[in-house]
Amino acid sequence: MAGVMADFGNFTHAVVRAIPSSLAKEALRMNVSDVDLEKAQREHEVYVGVLKQKLGLEVIELPADESLPDCVFVEDAAVVCGDTALITRPGAESRRKETAAIRQILKELGLNIVDMSDENATLDGGDVLFTGREFFVGLSKRTNQRGAEILADAFKDYAVSTVPVTDGLHLKSFCSMGGPGLIVIGSSEPAQKALKIMQQMSDHRYDKLTVPDDIAANTIYMNLPGKGHVLLHCTPEEFPESAKVFEKLKDHMLIPVSNMEKVKVDGALTCCSVLINMKAKV
Amino acid sequence: MTTEVGSETEVKKEPEKAEEQPAKPELPATNQTDEVKVVEAAEQSNESPALATDSAEAKENQEEAQPADNATGPEGEEPPASPPASEKKGISRFLPPWLKRQKSQSTVGPKESQVTPKEEGGVVLLKGEGEKAEQVEAEQTSSTTAAEPQVEEEQVNGEAEPEQKEEVNSEEQAENHSTGSAETQPAKEEKASEKSQEKSAAEEEKKETEEGGEEKKDQEESLKPEGGRYFIKSPLKLTKKVKMVMCHVIMLDGSQFPCEVEKRAKGQYLFFKVCETLNLLEKDYFGLSFKDNADQTCWLDPTKEIKRQICNTSWQLAFNVKFYPPDPSQLTEDITRYLLCLQLRQDIISGRLPCSFVTHSLLGSYSLQAELGDHDPDEQRLDYISDFQFAPSQTKEMEEKVVELHKTHRGMTPAQADTQFLENAKKLSMYGVDLHHAKDSEGVDIMLGVCANGLLIYKDRLRINRFAWPKILKISYKRSNFYIKIRPGETEQFESTVGFKLPNHRSAKRVWKVCVENHTFFRLMTPEAPTKAKFLTLGSKFRYSGRTQAQTRQASTLIDRPAPYFERTSSKRISRSLDGAPVINMIEAQDSAPTSVGNGREPGLELSSDSSKVEEEPSERAAATPTEGTEMKRDEPDSSQQDLDKTQEDVLKHQASTSELKRSFMEATPETRPSQWEKRLTASPATSLRLQAQGRSPPPTTQEPLPDLTVDTVSKSSDDKQKSDETTLQAAEVEIEETVVVEEIRVAPKGSVTITTPEVVTPVAVETEVEKPEEEVVEEVIEEVKEEQKRPVSVSSDSHSESEEEAGEYHPQVTVNISVEQIKEEPEKEEEVDNHEEPEQVAEPEPLPEVEVETMPSPAVVEERPMAEPETALVVDAPVEEERTEDILVTPEEAPNGHAEDQPGLLAVEEEEEEEEEPRVNGDASHAETELIPQVICCSEPPVVKTEMVTISDTFAAQKTEIATKEVPIVHTETKTITYEAAHLDGSGDGEPGILMTAQTITSESLCTTTTTHITKTLKGGLSETRIEKRIVITGDSDIDHDQALAQAIKEAKEQHPDMSVTRVVVHKETELAEEGED
């Protein structure tokens, strides 16, 4: 029996989406940059390959939609926790339609779908940090209070605390979970400030793993049967200093995954998949 | 104790009565207490004539008495024992009225014993003095209308715990009445009627009954023929006739538990009854709740009378979990867990504990397993399950899920299922969170969530801020505002204060109380010592009186009984279709849904009652409670003294007006008046609630140390010595300031001044003013008053609030002794102003370890000050203090905390004072302004015992210092009190009551010093006098040169107020003897 708040990091399924060719030019980005589409697609293939082959997850690949240049970043379209999937209302107008396909597949997977129908609400999944015991929702350019409220309504078991995100795109642009009770955090001032707020707001204690580069703090943690702690993180090529930090995690199966191209359009590792634990379905 | 208390009260009353009705028949008292009273009354009668005697004689008598006291020295510390009335009287006489009340339990006994030997000769004279004071008090008390509702409680003051001034006043009144009733019926009746009226009014406001109250009530009832049937049943007093009332308690399983209790029974009596019925030992997590007039759920204070707390007629209460154990697996007994499960089911069904679909299903399945056992495959239909409610709104889908999950629990015992239920429920984010509606500083609707870890702030469903207990320095409320002072963060220099607006005063107080209780229960090792009333401390002194989680856990380890059998009642139908408030729902559910299958058990679980262990707790509580009550009493004296001048009629009128004011005030919606305070609040990043401490309106300029410093000091001080203390409890001090009665009284006398508004005597800006010449003061006062009216919420200015505007403060820090105490009005000042005779009183009130330096402007000072009086008066006080210290000593372990529990009888006033002081002693240092030679040093070690009081009075110039020292060799602790006074130029008897402008405590790092400053302004003729009283606590090991520290403190004080003169220095030294001193 999966009790309340059990099995953090235990996933069985992953939903991913292919990269549309429109991504190179049309995808939203905070900084001007040229994206090598082919390189990005290769990167993504490796990413999916890790999930599928290396980790043994059942990966559901959605086809790209050329009209949705950012559609590869499926994380923003849905927040899945337990057997409930909150279909978001992305803060970027151009991305609103990305949710349809995601919703469809999640529903097919048997998850309880919660829609964010309030037109005043916006929420990007990238602003949602789930620690296993509670949610932190970054109030950013893409996510507002109302969106956070709806998330809180969708996941009533958990405390949902809001964290102002003044710098960077999303809350998870500079942090993520690196293990149960372990927050990987960037070393920038905004990141550290956000961490402080999170620590203050929480009834729980979190260890922190500070990495020099904010974006390197975005990792994917899983706790898989037979594999134990798994951490997908940046490669030494991208962030050598940060990569060294991760190498200190002795208990984790460390899997460096390159994300050089997608990051140019503000895509972090977590952005490219929606992880689901179907066993969690009680 | 009770007897003692009674004696005190009686004494006080007597003077009045005597005046009014010279001959008063003494009522035969069946109870010990009654007897005592009688005796006292007799004495009083004797005394009454004495009262007439000149003050001079009285003084002489006192002097004589003092030596006698010394001789008698032995402490009759037996709390319960009824000391000879004469003894009591003697003591009481000596003690200033407030002191008497407070001290009644612990100190009184010893004092009395001392007094007795000389009584005849000296007594009369002594009484003359004491009586005067008493009389004044009595009058005042009578005058204090506000308190009336509480009056009933009074007789046993020692037991009673003073929470609010109002109560105190009422108590006093009650005492007076009771005594009066005993003596003369007519007088009694009148009083009673008044009381009743007052009571009704007071009840509306808030009534916190004190333990003592019950006894008093009992007496009253016995006296009153009206009472109807008399039962001999009261647990406390065998002989009393009691009126019984039928209570209905809704149990967690939804059943009704009818219970007949005395009308005056305290909350704990009923609570223990319920626990006994449930066969519950781990009862500290639970409590009784009721709905107030506003339909808000309130916790029944176990230490107070039920009648005073519940609204009007309904004796409907509910048994609920009060403190949700964060880890239910640590509970010792299954029955406790079971009850917790029942509570959580209620919480879930009512929606108070939100859960996801899955969680609802999962928890529901465990409930089924616990109640029904393994899933019965034969019972295919879902019917059986639809009788149960698992969620506020449950669907067929959910029921199916529940059944599906139920199947997986096969083989699980009920206890295991409960455990699983709790293991999941405890993780829910709203588990054990008590929500209260509020608004932030910007008027945004938020929710305050009080829980084991601290205070959570929600906006809608979102947590927008969180203040863990360790982050909170102080909790307070004022009017409808609730404040928390936040410890500065790493990068912050200053404390900040966050203010919240509650719907009304009552709700603000409720939140405050809940916070105090939760903090104490979950964070402290032992409950805080009841606030030791500093004399004039206003406001609620409410403290959690039960056991802490740590204590209850420890106690649970001692539970040695076979797991009690209890029957699990079905959750079927309970509260079905009731989404609203859980408690109420339960009731309704029962009534409406009798249909419930056989499960609908009768009240309570049928258990074999092992009551043996249960009994232990009650006794503890009883012991604990008395301490709390003591504080209340102190407030009274102030008011009484002030009223001395007034005739009874005036007093009554005044009371009436006061009560009206209170009512109007109560009714007034707080929100209408925007407070500057609120405006000042700046939004914290997350919450936008924060307010910089600096920004406060009433920052006391006079005192050098800023709030920040305070904090630091506190921690340091704690570090120095009293590690034990810190660990134990000292954490939070609760100060509630209700100035209502006192202030009003003050105002009245001043009527000439222009201050018409009773509400306010604001201490706020006073400090700066203090330094200024007197004349200006008057203007300032007025201004202040105005200001207050405008802004109801002034954080710093605690001292002035009307009775209705209660303010509560609570310092939650565990390690900190006393960080900042605001608003204390010390009786001394007021008293002093009024009468010369009063000085004694003044001296007594002083906490042992503290050094008080009063600085008065030279011009006016002389007249007003009572202090000028000869040493003798002071000396009288000294004995009292000594006794106090002894009492304290008795409980060395808890001493830091100031728990009176150990000494049930003794506790009263003295203990409280001591307790309060003691904590401070540890970490406090002081500044004193004095020209006098500082010979005093305070070293206090927690368990110290020896006490000495030395009073020195100086001439006005303060050049001459005399020291009178009494040493009472007590076993362990040594306390010395030395008072230096500047003599009055003349005893100007016309001293008018002063207005307390400011009272505050500042803690500075230097020397571990804590300084409390009280600024009082008095207007006389065209002159105004400003009196500043500083209380400095120097704490240190033997390493510290206390003399030097004191000298420094005095020097600093002088420097601070160059234009003022030091008129009095009281040094209280407390030393722990090597023998005892384990520290």
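For clarity, every value in this text was computed on a predicted model and none was experimentally measured. Below, read A as the first sequence line, B as the second, and so on, with proteins coming before strands; counting in each chain starts at 1. Scope of the values below: all heavy atoms of this structure, side chains included, with no hydrogens, waters or symmetry mates.
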Check the surroundings of atom [atom1] in [X]: do more than 12 heavy atoms from other residues, nucleotides or ligands lie under 6.0 Å from it?
X: Glu189(A); atom1: CD; result: no
X: Glu108(A); atom1: CD; result: yes
X: Lys107(A); atom1: NZ; result: no
X: Arg410(B); atom1: CZ; result: yes

Minimum heavy-atom distance between Ala159(A) and Arg463(B), given as atom pair plus value: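 Scanning both residues, the minimum pair turns out to be CB-NH2, 3.4 Å.
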Least distance between heavy atoms, Glu149(A) atom then Leu462(B) atom: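 For Glu149(A) and Leu462(B), the tightest heavy-atom pair comes out as CG-CD1, 3.5 Å.
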Interatomic spacing from [atom1] in [X] to [atom2] in [Y] - rounded to 0.5 Å:
X: Thr162(A); Y: Lys459(B); atom1: OG1; atom2: NZ; result: 9.0 Å
X: Asp83(A); Y: Ser361(B); atom1: CG; atom2: OG; result: 8.5 Å
X: Thr359(B); Y: Phe155(A); atom1: OG1; atom2: CZ; result: 12.0 Å
X: Ser161(A); Y: Leu456(B); atom1: OG; atom2: CG; result: 8.5 Å
X: Phe135(A); Y: Ser429(B); atom1: CZ; atom2: OG; result: 10.5 Å
X: Gln200(A); Y: Phe467(B); atom1: CD; atom2: CZ; result: 6.5 Å

Examine whether an atom of Thr84(A) lies under 4.5 Å from a heavy atom of chain B, and if so say whether it belongs to the side chain, the backbone or both; otherwise answer neither.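 Neither the backbone nor the side chain of Thr84(A) comes within 4.5 Å of chain B.
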Under 4.5 Å between any side-chain heavy atoms of Ile464(B) and Gln145(A), yes or no?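 They are in contact (side-chain heavy atoms under 4.5 Å apart), so the answer is yes.
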Is there side-chain contact between Met430(B) and Asp157(A), with heavy atoms separated by less than 4.5 Å?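 No; the side chains remain at least 4.5 Å from each other.
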Steps toward side chain to side chain contact (heavy atoms under 4.5 Å, CB included) verdict (Asp203(A), Arg466(B)): CA-CA 9 Å; Asp203(A) 295 326; Arg466(B) 173 179 175 272; 2.5 Å; yes
Using non-hydrogen atoms and a 4.5 Å limit, figure out which bit of Leu353(B) sits close to chain A: side chain, backbone, both or neither.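 Looking at Leu353(B), nothing touches chain A.
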